[in-house]
Every structure is written in C-alpha cells, then in structure tokens.
Colleague: 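Structure provided below as structure tokens; questions to follow.
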Amino acid sequence: MSQYKYYYNKLFAVLESIYSKRESGNIAKLYFEDRFGISIPEDTVIIDEDIFNSDLIRFQNGEPLQYIVGKTFFYDSFFKVNKSVLIPRPETEILVHEVINSIENKNVKILDIGTGSACIALSIAKERPNTSITAIDVSESALTIANQNKKSLNITNVKFKLMDFLDNRNWSKLENYDLIVSNPPYIKESEKKLMSDSTLRFEPKIALFPKNTDHLIFYKMIFEFAKSHLNPGGNIYCEINEYTTDELKNIIKPYNYNWEFIHDLQGKPRVLHLFNTSDH
C-alpha cells in the first residue's frame, strides 16, 4: 500500500464517523491537496507524519477542514480563516454576486457591516476596483484576518474600522454611502438544534448569534442607520435567515423602501434587497 493510501484510509475512517461517506471522501481529498500538495495519489509522495497526526486529532475533535488548513475558497479567491471568523458559505456568494451586478463599474461608496474575514468586501473590491469600501467589525482578531486577506489579494480600495455597529454613538464616525451590505449575525438561539456540532463548537458565536436577545436587531439598526447615512437612490443588501421573512417585512413597513427577496438555487429566500430610497 502506498504511503498516500495508508494515510488517506486513516483519515477517511475518522471522517466517516462524523460525515457522510461522500463528504468524507471530498474532505480527505481536499485536505491532502492543500496540506501536502497531492492532487493525484502517488507512491513517491512524502507525507509529514507529525503534521498529519496533529491534524488527525483536530479532525477527530470535529474541527472543520477550513480551520485546519487555515483557508477556504470563496468567489474565485482563497481567503485565510481561523476561529476568529466565520467560514464563508457558498450561499453568501449570492449576496456578493447581486452587489457586483448592481453597481457595474460605477464609482460607488460601500459600507460592509460585520465584515469578518472580509470575504464580501474584498470579493466586491476585486471585481469592482472603482468602488471605495469601508468594512467594519466589532472583533479586533477578525480584522487581523481581514487585513491579511486584503494584503494577500493585493486589494487597495478597502479600509477597515474596528467598531460596534449596534452602538449608534459610533455612527458619527462613518460617512454616507451609496450601498450598504451585510451578512449579520441572525440565527435564533432556538435554531441551535438545527446546526452542525462543528459550527457550534468552533465558529465564533459573536458572528452567528446577535448579542442582543432580538435576533433581528442588526436589520433594525441597519435600516435606522440608512435613514441618515444612505445616499439618495442607494441600495441595501443583507443576507437573511430564510425563516424570518415575515418578520422582516414587518420591520420594513415603517420605512419608505421598496424591497425584494432574492432566492438561492434551492428556492429559499437568501438576500434582502432594499432600494429606491431617493425620497428619504
């Protein structure tokens, strides 16, 4: 048996106790490609046993692959990640795609609220270099990762600010914007039972659950902020919890917004878009 096959089987056995057989195979393949540069099984490949055994313990503990290898792929780029930031999800690419398409090549000023790894802000900036983006987060360690991603992607049109957006006393430190984008913490405490064990144990709770008991607090604050900080004709794009659309509709009512829900490939509402705000 080749060295690769031996270690592959060892890892697969661990993964299969946590994931499905298909997902275990995919994770194992990605792990060996990323960690040891193995794209096809070869007898001559040398695998560092110390690294492998250390990683195997982390896999046994249920830690996500992305944290073990320290990066993930999102919107055609690799982003560094660690336990300070959420692992970017494919569904968030829908949010990025909608924003990129909406601004074309205009000189647009954008605010990204709760930037985390900055995957949203940097993906937009990469595709639309004429934009000027401010990305804020309450976590200093998250912004450390965001700055590393900015440097590795050689992005110049994004700046970061350490800020608690929920404290409206901080809003005076921000400018007016043409577009506001956010993938805020929006998961209800009651929905924990629907989430994977690895997400609950390893990903930052501050990025999953609003610190306020109101699970829609970020949306309410974003809409209030927009009253004084969104330029006429501006747009708001937010990723949403698919189970809260009716509640969001009620929150929107007092504001003079037109709105739409944008659905993912499974037909689930994934993005809230508010627009036509010129008469604010």
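What you are looking at is a predicted structure, and each value in this text was computed from that prediction instead of being measured.
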Colleague: Just how far is it from atom CG of Leu11 to atom CD of Glu16, taken to the nearest 0.5 Å?
Modeller: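 Here the interatomic distance stands at 11.0 Å.
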
Colleague: Apply side chain to side chain contact (heavy atoms under 4.5 Å, CB included) to Glu33 and Leu30, showing your working.
Modeller: CA-CA 5 Å; Glu33 284 181 358; Leu30 289 169; 4.2 Å; yes

Colleague: With hydrophobic residues grouped by side-chain heavy-atom distances under 4.5 Å, do Phe223 and Leu95 end up in a single group?
Modeller: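 No, because Phe223 and Leu95 fall into different hydrophobic clusters, even though each may have its own neighbours under 4.5 Å.
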
Colleague: Tell me which one of Asn183, Thr245, Ile262 satisfies side-chain contact (heavy atoms from CB on, under 4.5 Å) with Ile240.
Modeller: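 Only one option passes, and that is Thr245.
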
Colleague: Counting N and O atoms only, with roles assigned by atom type, does the side chain of Ser24 sit under 3.5 Å from a partner on the main chain of Ser20, one being a donor and the other an acceptor?
Modeller: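 Answer holds: yes.
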
Colleague: Quick one: does Ile110's side chain get under 4.5 Å of Ile180's, heavy atoms only?
Modeller: no

Colleague: Please tell me whether His273 and Phe275 form a close aromatic pair, meaning their ring centres lie under 6.0 Å apart.
Modeller: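 Ring centres of Phe275 and His273 closer than 6.0 Å.
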
Colleague: Give a yes or no on whether a salt bridge exists between Glu260 and Arg270, defined as a side-chain N under 4.0 angstrom from a carboxylate O.
Modeller: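 Salt bridge flag = no for Arg270 with Glu260.
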
Colleague: Looking only at non-hydrogen atoms, find the nearest pair between Tyr257 and Trp259 and report the distance.
Modeller: O-CD1, 4.0 Å

Colleague: May I ask you to check whether Phe165 and Phe225 place their ring centers less than 6.0 Å from one another?
Modeller: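 Yes.
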
Colleague: Check step by step if side chain to side chain contact (heavy atoms under 4.5 Å, CB included) holds for Ile145 and Phe79.
Modeller: CA-CA 9 Å; Ile145 293 295; Phe79 287 85; over 6 Å; no

Colleague: Side chain to side chain donor-acceptor pair (under 3.5 Å), that's the test. Do Tyr255 and Glu224 meet it? Break it down for me.
Modeller: CA-CA 9 Å; Tyr255 300 93; Glu224 276 299 306; 2.6 Å; yes

Colleague: Test side chain to side chain donor-acceptor pair (under 3.5 Å) on Lys150 and Asn147; report intermediate values, then the result.
Modeller: CA-CA 5 Å; Lys150 176 182 174 180; Asn147 272 298; 5.1 Å; no

Colleague: Could you tell me whether the side chains of Glu127 and Tyr75 share a donor-acceptor contact shorter than 3.5 Å?
Modeller: no

Colleague: Show, in sequence, the C-alpha distance, side-chain angles and deciding distance for Met221 and Trp171, and conclude whether the side chain to side chain contact (heavy atoms under 4.5 Å, CB included) test is met.
Modeller: CA-CA 10 Å; Met221 297 295 273; Trp171 293 357; 3.8 Å; yes

Colleague: If you look at every heavy atom in Tyr219 and Cys238, which pair is closest and at what distance?
Modeller: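 Closest pair (atom of Tyr219, atom of Cys238, distance): CE2-CB, 3.8 Å.
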
Colleague: Got a second to check how far Glu23's CD is from Asn26's CG, nearest 0.5 Å?
Modeller: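 Between Glu23 CD and Asn26 CG, I get 7.5 Å after rounding to 0.5 Å.
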
Colleague: Nearest 0.5 Å, please: how far is OG1 in Thr115 from NZ in Lys161?
Modeller: 13.5 Å

Colleague: Are the side chains of Val138 and Met163 in contact, using a 4.5 Å heavy-atom criterion?
Modeller: no

Colleague: Taking only Lys NZ, Arg NE, NH1 and NH2, and the carboxylate oxygens of Asp or Glu, determine whether Lys109 and Glu175 approach each other closer than 4.0 Å.
Modeller: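 Glu175 and Lys109: salt-bridged.
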
Colleague: Drop me the distance from Asn176's CG to Leu111's CG, to the nearest 0.5 angstrom.
Modeller: 10.5 Å

Colleague: State whether Asp34 and Lys71 are salt-bridged, where the test is any N-O pair (Lys NZ or Arg NE/NH1/NH2 against Asp/Glu carboxylate O) under 4.0 Å.
Modeller: yes

Colleague: Which value, rounded to the nearest 0.5 Å, describes the distance between Leu153 atom CG and Ser77 atom OG?
Modeller: 5.0 Å

Colleague: Find out if a path of hydrophobic residues (ILVMFWY) with successive side-chain heavy-atom gaps under 4.5 Å connects Leu179 to Ile120.
Modeller: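 Same cluster.
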
Colleague: So if you build clusters from Ile, Leu, Val, Met, Phe, Trp, Tyr with side-chain heavy-atom gaps below 4.5 Å, do Phe36 and Tyr6 land together?
Modeller: yes

Colleague: Between the side chain of Asp264 and the main-chain N/O of Gly267, is any donor-acceptor distance below 3.5 Å?
Modeller: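 Side chain of Asp264 to backbone of Gly267: a pair is present.
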
Colleague: Would Ile94 end up clustered with Ile103 when hydrophobic side chains under 4.5 Å apart are linked, directly or stepwise?
Modeller: yes

Colleague: Between Asn170 and Asp164, is there a donor-acceptor pair closer than 3.5 Å when you use the side chain of the first and the backbone of the second?
Modeller: yes

Colleague: Before giving the answer on side chain to side chain contact (heavy atoms under 4.5 Å, CB included), spell out for Glu247 and Thr244 the whole-Å C-alpha distance, their side-chain angles and the decisive distance to 0.1 Å.
Modeller: CA-CA 5 Å; Glu247 294 172 273; Thr244 59; 3.4 Å; yes

Colleague: Quick one: are Leu122 and Lys126 in side-chain contact, heavy atoms under 4.5 Å?
Modeller: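 A side-chain contact under 4.5 Å is absent here.
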
Colleague: Can you find a heavy atom in the side chain of Leu174 that is under 4.5 Å from one in the side chain of Ile136?
Modeller: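 The answer is yes; the side chains approach within 4.5 Å.
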
Colleague: Can you name the nearest heavy-atom pair linking Ala28 to Leu15, along with the distance?
Modeller: N-CD1, 3.8 Å

Colleague: Using every non-hydrogen atom in the two residues, find where Pro64 and Ile87 come nearest and quote the distance to one decimal.
Modeller: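 Heavy-atom minimum between the residues: CB-CD1, 3.6 Å.
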
Colleague: Can you name the closest pair of heavy atoms from Thr72 and Pro88 and give their distance?
Modeller: CG2-CD, 3.5 Å

Colleague: Is it true that Val96 and Phe261 fall in one hydrophobic cluster, defined by side-chain heavy atoms closer than 4.5 Å?
Modeller: no

Colleague: Where is the tightest heavy-atom contact between Ser182 and Ile113, given as atom of each residue plus distance?
Modeller: OG-O, 2.9 Å

Colleague: Is there side-chain contact between Val85 and Asp137, with at least one heavy-atom pair below 4.5 Å?
Modeller: no

Colleague: Determine whether Glu91 and Lys268 make a side-chain contact, defined as any pair of heavy atoms from C-beta on separated by less than 4.5 Å.
Modeller: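 With C-beta onward as the side chain, the pair stays apart.
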
Colleague: Kindly determine whether Tyr186 and Glu239 satisfy side chain to side chain donor-acceptor pair (under 3.5 Å), including the steps that lead there.
Modeller: CA-CA 9 Å; Tyr186 57 63; Glu239 186 166 324; 3.2 Å; yes

Colleague: Between Thr134, Asn235, Ile236, which is the residue that forms a side-chain contact (heavy atoms from CB on, under 4.5 Å) with Tyr177?
Modeller: Thr134

Colleague: Kindly indicate whether the side chain of Asn53, heavy atoms from C-beta on, has any atom under 4.5 Å from the side chain of Lys10.
Modeller: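 Counting from C-beta outward, Asn53 and Lys10 do come under 4.5 Å.
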
Colleague: Which residue is it: Tyr67, Phe12, Phe59? I am looking for the one with a ring pair (Phe, Tyr, Trp, His ring centres under 6.0 Å) to Tyr31.
Modeller: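 It is Phe59; the other options fail the test.
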
Colleague: Working to the nearest 0.5 angstrom, can you tell me the gap between Leu272 CG and Leu274 CG?
Modeller: 4.5 Å

Colleague: Between Arg128 and Ile100, is there a side-chain heavy-atom distance shorter than 4.5 Å?
Modeller: yes

Colleague: Does the separation of the ring centres of Tyr4 and Phe32 fall below 6.0 angstrom?
Modeller: yes

Colleague: Give a yes-or-no answer on whether the side chains of Asn157 and Thr131 include a donor-acceptor pair shorter than 3.5 Å.
Modeller: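 Checked: Asn157/Thr131 side chains pair up, N/O donor to acceptor below 3.5 Å.
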
